[in-house]
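The shown structure was predicted, so the numbers you read here are calculated from the model rather than taken from an experiment. Lettering follows sequence order; numbering is per chain, from 1. All values below come from the heavy atoms of this structure, side chains included, with hydrogens, waters and symmetry mates left out.
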Amino acid sequence: MEAHSSEIFIIGLTVFFLACIIGYYVVWAVTPALHSPLMAVTNAISSVIIVGAILAAGPIGYEIPKIFGIIGVTLASVNIFGGFIVTYRMLSMFKKKPKKQKNES
Amino acid sequence: MSPNLVAILYLISALLFIFALRGLSHPESARLGNIFGIIGMFIAIFTTLMFQSVLSYVEIGAAIFIGGTIGTFIALRIKMTALPQLVAAFHSLVGLAAVFVAAAAFYDPSSFNIGEFGLIGMTSLIEMSIGTFIGAVTFSGSVLAFGKLQGTISGKPIVFKFQHYFNALIFLLIIVLIIFFVLDQSSNIFWSIVAISILLGFLVVIPIGGADMPVVVSMLNSYSGWAACGIGFTLSNNLLIITGALVGASGAILSYIMSKAMNRSIFSVVLGGFGGEQTNETIKNNSDKIIKQGNAEDAAYILKNAESVIIVPGYGMAVAQAQHALREMGDILKKEGIQVRYAIHPVAGRMPGHMNVLLAEANVPYEEVFELEEINHDFPMTEVSFVIGANDVTNPAAKTDESSPIYGMPILDVERSQTVLFVKRSLATGYSGVDNELFYRDNTTMLFGDAKKMCEDIVKSLN
């Protein structure tokens with residue numbers, strides 16, 4: 001059991017370091033003008049932690065861990081919807097403007 | 001769903017997240033990137049719901065609906081000036097969610113295949129406690145950062161004696177608690193770790209002042225990623241590990257860029273104590289120096305007769321909500337055939353890229369907005385620099401005065417343009433508390449007043 005779990009840990013560690021390196025290169029390529037949307041979207045995707053919350057909320061019944069799971073799902077959902085929508089709002093402001101744009105102001 | 005299929009779907013979702021970040025390398029590809037992110041998240045949630053152990057669809061559906069509605073509502077209503085607070089608030093939720101997931105894994109390890117209550121493997125326990133620790137620190141740190149940005153809590157840095165030793169002591173205490181937790185798996189110790197980590201989060205952000213907020217927000221961004229990573233290790237879930245690492249790396253790089261833009265090491269920002277409220281003392285020392293003062297008509301005259309203008313907006317512009325009036329001014333100048341560009345310092349605003357968003361919101365085309373390195377060499381060829389709501393980022397003392405606290409900080413070389421127009425409320429110093437010698441130069445004209453009102457008046461005069 002212990003040997004098995006340490007093997008899984010090593011795989012996780014491998015994935016972790018490779019992902020850090022990908023993250024390093026991908027993030028340096030982000031144009032500074034879009035650093036705010038970058039923060040908002042990383043915020044949204046870090047809520048992928050909802051996966052863990054769903055597993056905790058999965059079983060039937062109302063045990064304490066399940067309540068924790070449901071709270072986790074709710075919190076992460078606020079973030080997922082909020083994060084992606086606010087990113088969308090920001091990015092749609094960065095659209096190429098048509099030449100005649102004066103009519104609204 | 002077989003474990004292999006699950007692993008493949010999670011992998012696809014992780015790849016989509018990478019593409020989501022990759023898309024942000026250009027404004028045109030960024031929207032597609034965001035859609036990739038949404039699809040990735042959808043796949044992740046859908047896959048997890050298909051697990052055999054997941055049965056309570058009603059409760060989960062209700063939780064997603066409630067959370068989603070709140071999130072949507074907030075995201076649609078938030079003003080772009082309040083973006084940094086919103087991001088801080090969202091970080092706190094990720095941190096808190098991580099704590100709840102870790103707690104659930106602790107009480108019900110069988111749902112996550114990591115053993116039975118009280119009989120969890122050592123590796124899992126360490127991973128779990130680290131995830132909990134980072135999650136709790138992210139939570140309380142972000143709550144405090146939110147308060148400071150929102151203005152609910154004073155932005156003044158709060159420093160006390162032996163602060164760093166005290167924090168270090170608490171950190172050591174947490175490590176000791178984690179060791180005990182791994183040894184006897186007691187729920188009391190688990191909650192002690194949570195409580196003390198929350199305390200540490202507050203203590204870490206308390207000494208950091210308003211002007212350093214861009215660094216703090218980026219740092220908390222990074223922490224929220226590492227928290228997700230910690231949970232990923234606990235659940236042996238590669239998707240969480242990859243995503244957490246991406247977010248963690250992103251936040252870390254942003255913190256690095258921000259502290260570099262202020263010429264401070266990350267450590268000095270984290271240790272805090274810099275960036276207090278404005279002091280008015282330096283002004284008195286300089287009351288004998290001569291300044292040239294102008295009004296909106298003078299400014300309009302100068303701008304109209306220029307061939308090229310660079311506008312340097314700072315946080316003061318955002319506070320005065322002057323971006324729309326400013327853009328209108330820029331439009332009129334452009335119609336006159338004058339080249340109008342915007343120069344943005346990396347720390348203009350309260351979070352990375354904040355100023356770009358505010359200008360984009362005011363319909364300034366992104367092609368006209370330039371970063372410091374892109375535009376700095378153009379100032380000598382520019383007739384007029386129009387500085388609005390910025391101060392420290394233009395201060396030549398950063399290059400010449402070694403005793404200045406901002407010495408070494410990269411600045412926008414507005415001093416090299418033929419004329420500098422400075423829109424400011426008063427002669428007060430910037431966040432750094434340093435006087436700006438540019439105010440007293442021959443080629444500088446000070447335009448005192450509210451940034452928005454000044455822009456509107458200039459527009460009137462131009463017409």
Side-chain angles (χ1 to χ4, degrees), chain A residues 5-6 8-9 12 15-16 19-20 22-24 26-27 29-36 38-39 41-43 45-49 51-58 60 64-65 68-88 90-91 93-94 97 101, chain B residues 17 21-22 24-25 27 30-31 34 38 44 48 53-55 59-60 63-64 66-68 70-72 74-75 87 90 93-94 96-97 100-101 103-104 107-108 111 121 123 221 224-225 228 231 233 235-236 238 241-243 245-247 249-250 253 352-354 356-357 360-361 365-366 371:
Chain A
S5 78
S6 75
I8 292 177
F9 174 72
V15 170
F16 171 74
C20 282
I22 293 175
Y24 178 85
V26 169
V27 172
V30 172
T31 162
L34 295 180
H35 276 162
S36 285
L38 172 69
M39 293 196 93
V41 84
T42 49
N43 210 317
I45 65 171
S46 65
S47 306
V48 73
I49 206 162
V51 164
I54 290 175
L55 290 179
I60 301 288
I64 291 176
F68 288 161
I70 290 177
I71 298 174
V73 173
T74 317
L75 295 173
S77 303
V78 175
N79 239 331
I80 292 171
F81 283 76
F84 280 124
I85 290 173
V86 96
T87 310
Y88 172 81
M90 275 189 255
L91 292 177
M93 292 169 188
F94 282 92
K97 309 280 174 343
Q101 38 155 307
Chain B
F17 288 157
L21 300 192
R22 187 71 189 94
L24 289 168
S25 54
R31 279 184 299 281
N34 197 35
I38 295 170
T48 315
S53 65
V54 177
L55 299 163
E59 291 97 319
I60 294 173
I64 293 180
I66 294 171
I70 298 172
T72 308
I74 297 172
V87 169
F90 280 169
L93 297 183
V94 180
L96 196 57
F100 276 110
V101 174
Y107 283 103
D108 179 20
S111 285
T123 332
N221 185 237
S224 71
I231 301 301
F233 274 107
L235 313 184
S236 305
N238 286 342
I241 297 178
I242 295 172
T243 315
L246 289 176
V247 177
S250 160
I253 290 173
H354 192 195
N356 301 76
V357 172
E361 188 191 19
Y366 62 80
E371 304 299 321

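- In this structure, B:Phe100 CZ and B:Ile231 CD1 are separated by 12.5 Å, a value rounded to the nearest 0.5 Å.
- For the pair B:Arg31 (side chain) and A:Leu91 (backbone), a donor-acceptor distance under 3.5 Å is present.
- Note: B:Asp108 leads B:Ile70, B:Asp108, B:Ile74 in heavy-atom pairs under 4.5 Å with chain A.
- Distance CG/A:Leu75 to CD1/A:Ile70: 12.0 Å, rounded to 0.5 Å.
- The backbone N or O of B:His354 lies less than 3.5 Å from a partner atom in the side chain of A:Ser36, making a donor-acceptor pair.
- B:Phe90 touches chain A through backbone and side chain together, each having a heavy atom under 4.5 Å away.
- The shortest side-chain heavy-atom distance between A:Leu34 and B:Asn356 does not fall under the 4.5 Å cut-off.
- Of all the listed residues (A:Ile64, A:Thr42, A:Val41), the one sharing the greatest number of non-hydrogen pairs under 4.5 Å with chain B is A:Thr42.
- The closest donor-acceptor contact from the side chain of B:Ser250 to the backbone of B:Leu246 lies at 3.5 Å or more, if one exists at all.
- Options B:Leu21, B:Asn34, B:Ile66 differ in how many heavy-atom pairs under 4.5 Å they form with chain A, and the most are formed by B:Asn34.
- Residue contact with chain A, scored on non-hydrogen atoms closer than 4.5 Å, involves the backbone and the side chain of B:Leu96 alike.
- Your options are B:Ser111, B:Ala104, B:Ser53, B:Ala103, and the one with the most heavy-atom pairs under 4.5 Å with chain A is B:Ala104.
- Both the backbone and the side chain of B:Glu361 come within contact range of chain A, with heavy atoms under 4.5 Å apart.
- Only the side chain of B:Val101 has a heavy atom closer than 4.5 Å to any heavy atom of chain A.
- Counting heavy-atom pairs under 4.5 Å between each of A:Ile85, A:Ile22, A:Val48, A:Val86 and chain B puts A:Val48 at the top.
- When A:Ile71, A:Thr87, A:Asn79 are compared by the number of non-hydrogen pairs under 4.5 Å with chain B, A:Asn79 comes out ahead.
- Considering only heavy-atom pairs separated by less than 4.5 Å from chain B, the leading option among A:Ala29, A:Cys20, A:Ala33 is A:Ala33.
- Residue B:Ile242 touches chain A through both its backbone and its side chain, counting heavy-atom pairs closer than 4.5 Å.
- Between chain A and the residues B:Ala228, B:Ala75, B:Ala249, the most heavy-atom pairs under 4.5 angstrom are made by B:Ala75.
- Within the 4.5 Å cutoff, side-chain heavy atoms of A:Leu38 are placed close to those of A:Val27.
- Among the candidates A:Gly23, A:Gly72, A:Gly52, the residue making the largest number of heavy-atom pairs closer than 4.5 Å to chain B is A:Gly52.
- Residue A:Ile80 touches chain B through its side chain alone, counting heavy-atom pairs closer than 4.5 Å.
- From A:Phe84, atom CZ reaches atom OG1 of B:Thr72 across 12.0 Å, with rounding to the nearest 0.5 Å.
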Checklist entry - Passes side chain to side chain contact (heavy atoms under 4.5 Å, CB included), B:Ser25 versus A:Thr31? Steps please. => result CA-CA 5 Å; B:Ser25 54; A:Thr31 162; 5.5 Å; no
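- To the nearest 0.5 Å, atoms CD1 (A:Ile8) and CG (B:Asn238) are separated by 10.0 Å.
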